[in-house]
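In what follows, a single structure is set out as structure tokens and then discussed.
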Amino acid sequence: MITVAKALDAIFDLVRPLGTEEVPLADAANRTLAAPITASRLQPPFAASAMDGYALNGVEADPEAMFRVIGESAAGHGFHGHVGPGECVRIFTGAPMPDGADRVIIQEDVERKGDLITLARKLDTVPHVRPAGADFAPGDTIPAPRVLSPADLALAAAMNVPTLTVTRKPIIALMATGDELVMPGETPGPDQIIASNAFGLKALIEANGGHARMLPIARDNADSLRTAFDLAADADLIVTIGGASVGDHDLVGDVAAELGMEQSFYKVLMRPGKPLMAGRMGNAVMIGLPGNPVSSMVCGHVFLVPAMRAMLGLGTAAAPRKTAILAAPLKANGPREHYMRARVDGDEITIFDSQDSALLSVLSQANALAIRPASDPAREAGERLDYLPI
Ligand SMILES: Nc1nc2c(c(=O)[nH]1)N[C@H]1C(S)=C(S)[C@@H](COP(=O)(O)OP(=O)(O)OC[C@H]3O[C@@H](n4cnc5c(N)ncnc54)[C@H](O)[C@@H]3O)O[C@H]1N2
Ligand code: MOO
């Protein structure tokens, strides 16, 4: 058995960053930017008013001074004359500052009668002008790689870049295995249960920028498993669920090996998730997850998401950890790194009493996996513990 850190490194050795594709800006949310975005324009392209009011020469802006309104500058329709001494221009937010004006007096500080305005006795000192290029200038970039946020997309649009170069989404085939499984909505036989794991994993994959393809459930026999592997052959990553342990019906490893899977490792010193396996299978990487529902989701967070991030070109790093203060004492841990279902509120972490890896109801109440290192000694309430937000 190898450690979690070694298993993750072995998975990073198996995966490669994928190629790129061009996508329209409107379809680029949450995609991974593969080439920097470069502005070819200045924003704002002109000095612009930040408020509705009157544009004038700031040196003349004395309390109670009077000005004549000689025109109007609105967003999209600037004033193209010159503002001379004693003159001002009615101006609106986003409009170009007219020549000769460098300050905007907000309309709340102005009394207007016909074409004349009088400034208030007390004026704020802010010029309310956005200089040309205050936001960005030609050559400014949004660096890659990064997962594109809503703000990045708005910025790319403002830079007038209509299509972006992103990393291709990893195609991940999800292969549930087991004679006991039926799909949600079907009627299970007396010895059957509903296949749940692939649904959680699909959501996890898609939230992290992958494309999950759910295969038909493979049965616990070699022919059915071969057919399912065949359907998965063009995926970047083949994720099997279940059939990974040592029972007579746990055939995934054997069938994968028969189909040419070069195994990198089998079994990890972690809890849950011990019977994890990984290897190379043709052009794809194969990760075999344990069948217990919580085990498969924990391995999804600890291995699958970092593997996907590596494929997306986002680097090879373990899932980022945080720390919180233990709400109650903990007994010493055994020899496997333990990922315990827990709830973080504020800075405090409460570990659930029940840690059975079959209990999805507990996982669904959890927002964290508390991480106990192998052979971690007993802990007191108030000590800090690492956790993965989930
Ligand atoms: N003698 C031993 N028995 C077991 C060991 C061991 O070391 N020695 N390891 C245990 C551990 S740890 C785990 S984890 C499980 C994992 O076994 P498998 O990966 O072979 O998984 P299955 O036996 O196929 O299923 C386990 C459990 O999960 C249910 N399951 C499977 N797939 C799904 C699915 N898609 N949706 C919902 N539930 C699923 C399945 O019905 C079983 O109840 O092995 C232990 N045994
Ligand atoms: O490791 Mo199993 O994954 O304990 O449930």
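For ligands, and for the atoms within them, numbers begin at 1 and follow the listed sequence.
Side-chain heavy atoms closer than 4.5 Å link hydrophobic residues (I, L, V, M, F, W, Y) into clusters, and following such links, even through other members, never connects F92 to I105. Connection of L42 to M159 is not established within any shared hydrophobic cluster, with ILVMFWY side chains joined at heavy-atom distances below 4.5 Å, either directly or through further cluster members. M97 and V83 are assigned to two separate hydrophobic clusters, defined by single-linkage of ILVMFWY side chains at heavy-atom distances under 4.5 Å. Linking Ile, Leu, Val, Met, Phe, Trp and Tyr residues whenever their side-chain heavy atoms come within less than 4.5 Å places L8 and F265 in a single cluster. Linking ILVMFWY side-chain heavy atoms closer than 4.5 Å, directly or via other members, places M286 and I205 in two distinct hydrophobic clusters.
Of all atoms in ligand 1, numbered sequentially from 1 with element shown, those under 4.0 Å from a heavy atom of K274 are 6 (C), 7 (O). Residue-ligand proximity, S295 to ligand 1, at heavy-atom distances under 4.0 Å covers atoms 14 (S). Numbered from 1 in the order shown, with element, the atoms of ligand 2 that lie under 4.0 Å from a heavy atom of K274 read 1 (O), 3 (O). Annotation for ligand 2: atoms under 4.0 Å from non-hydrogen atoms of R336 are 1 (O). Within the listing of ligand 1, atoms 38 (N), 41 (O) sit less than 4.0 angstrom from a heavy atom of I193. Atom numbering of ligand 1 starts at 1 in the shown order; those under 4.0 Å from a heavy atom of I194 are 37 (C). In the vicinity of D250, heavy-atom distances shorter than 4.0 Å reach the ligand 1 atoms 20 (O), 23 (O). Interface atoms of ligand 2 facing G273, defined by a heavy-atom separation under 4.0 Å, are 1 (O), 2 (Mo), 3 (O). Of all atoms in ligand 2, numbered sequentially from 1 with element shown, those under 4.0 Å from a heavy atom of N292 are 5 (O). Ligand 1 places these atoms under 4.0 Å from at least one heavy atom of A244: 18 (P), 19 (O), 20 (O). Proximity to S295 (heavy-atom distance under 4.0 Å) selects the following atoms of ligand 2: 2 (Mo), 3 (O), 5 (O).
Remark: ligand 1 and G291 share an N or O pair separated by less than 3.5 Å (distance only, no angle test). The N/O atoms of N197, backbone and side chain alike, include one that comes under 3.5 Å of an N/O atom in ligand 1. Note: no N/O pair closer than 3.5 Å links R271 and ligand 2 by distance alone.
Taking 4.0 Å as the cut-off between side-chain N and carboxylate O, E72 and R90 do not count as a salt-bridged pair. A salt bridge does not link R341 to D356: none of the charged side-chain nitrogens sits closer than 4.0 Å to a carboxylate oxygen. Salt-bridge formation is detected for the pair R226/E258: a Lys NZ or Arg NE/NH1/NH2 atom is positioned less than 4.0 Å from an Asp or Glu carboxylate oxygen. Electrostatic pairing of D386 and K322 does not count as a salt bridge here, judged by no charged N lying under 4.0 Å from a carboxylate O. By the 4.0 Å N-to-carboxylate-O rule, R219 lies too far from E180 to be salt-bridged with it. Salt bridge status for R168 with D236: present, with a side-chain N to carboxylate O gap under 4.0 Å.
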message: As a quick check of understanding, evaluate side chain to side chain contact (heavy atoms under 4.5 Å, CB included) for K267 and L276, giving each step before the final call.
response: CA-CA 5 Å; K267 291 199 173 161; L276 184 79; over 6 Å; no

field: Verdict with supporting geometry, K122 and E64, salt bridge (charged side-chain N to carboxylate O under 4.0 Å, His left out)
entry: CA-CA 8 Å; K122 273 193 105 183; E64 298 183 278; over 6 Å; no

- request: Test side chain to side chain contact (heavy atoms under 4.5 Å, CB included) on T240 and L289 and set out the steps.
  value: CA-CA 6 Å; T240 60; L289 301 182; 5.9 Å; no

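Put simply, part of G243 is less than 4.0 Å from ligand 1, judged by heavy atoms. The closest approach between S196 and ligand 1 falls below 4.0 Å for a heavy atom of the residue. For A195, the closest heavy-atom approach to ligand 1 falls below 4.0 Å. Every heavy atom of I217 sits 4.0 Å or more from the atoms of ligand 1.
When non-hydrogen atoms are compared, ligand 2 lies under 4.0 Å from neither the backbone nor the side chain of Q355. Only side-chain heavy atoms of V246 come within less than 4.0 Å of ligand 1; its backbone N, CA, C and O stay farther off.
Protein heavy atom in closest approach to atom 45 (C) of ligand 1: S245 OG, 4.0 Å. Looking at atom 11 (C) of ligand 1, its nearest protein heavy atom turns out to be P275 CG, 4.1 Å. The single protein non-hydrogen atom nearest to atom 5 (O) of ligand 2 is S357 OG, 2.5 Å, given as residue, atom name and distance.
Considering each of L360, L251, N292, the one bringing a non-hydrogen atom nearest atom 43 (O) of ligand 1 is N292. For atom 40 (C) of ligand 1, the choice among H249, E180, M270, Q192 with the nearest heavy atom turns out to be E180.
A distance of 8.0 Å separates CG of L33 from CG of D152, quoted to the nearest 0.5 Å.
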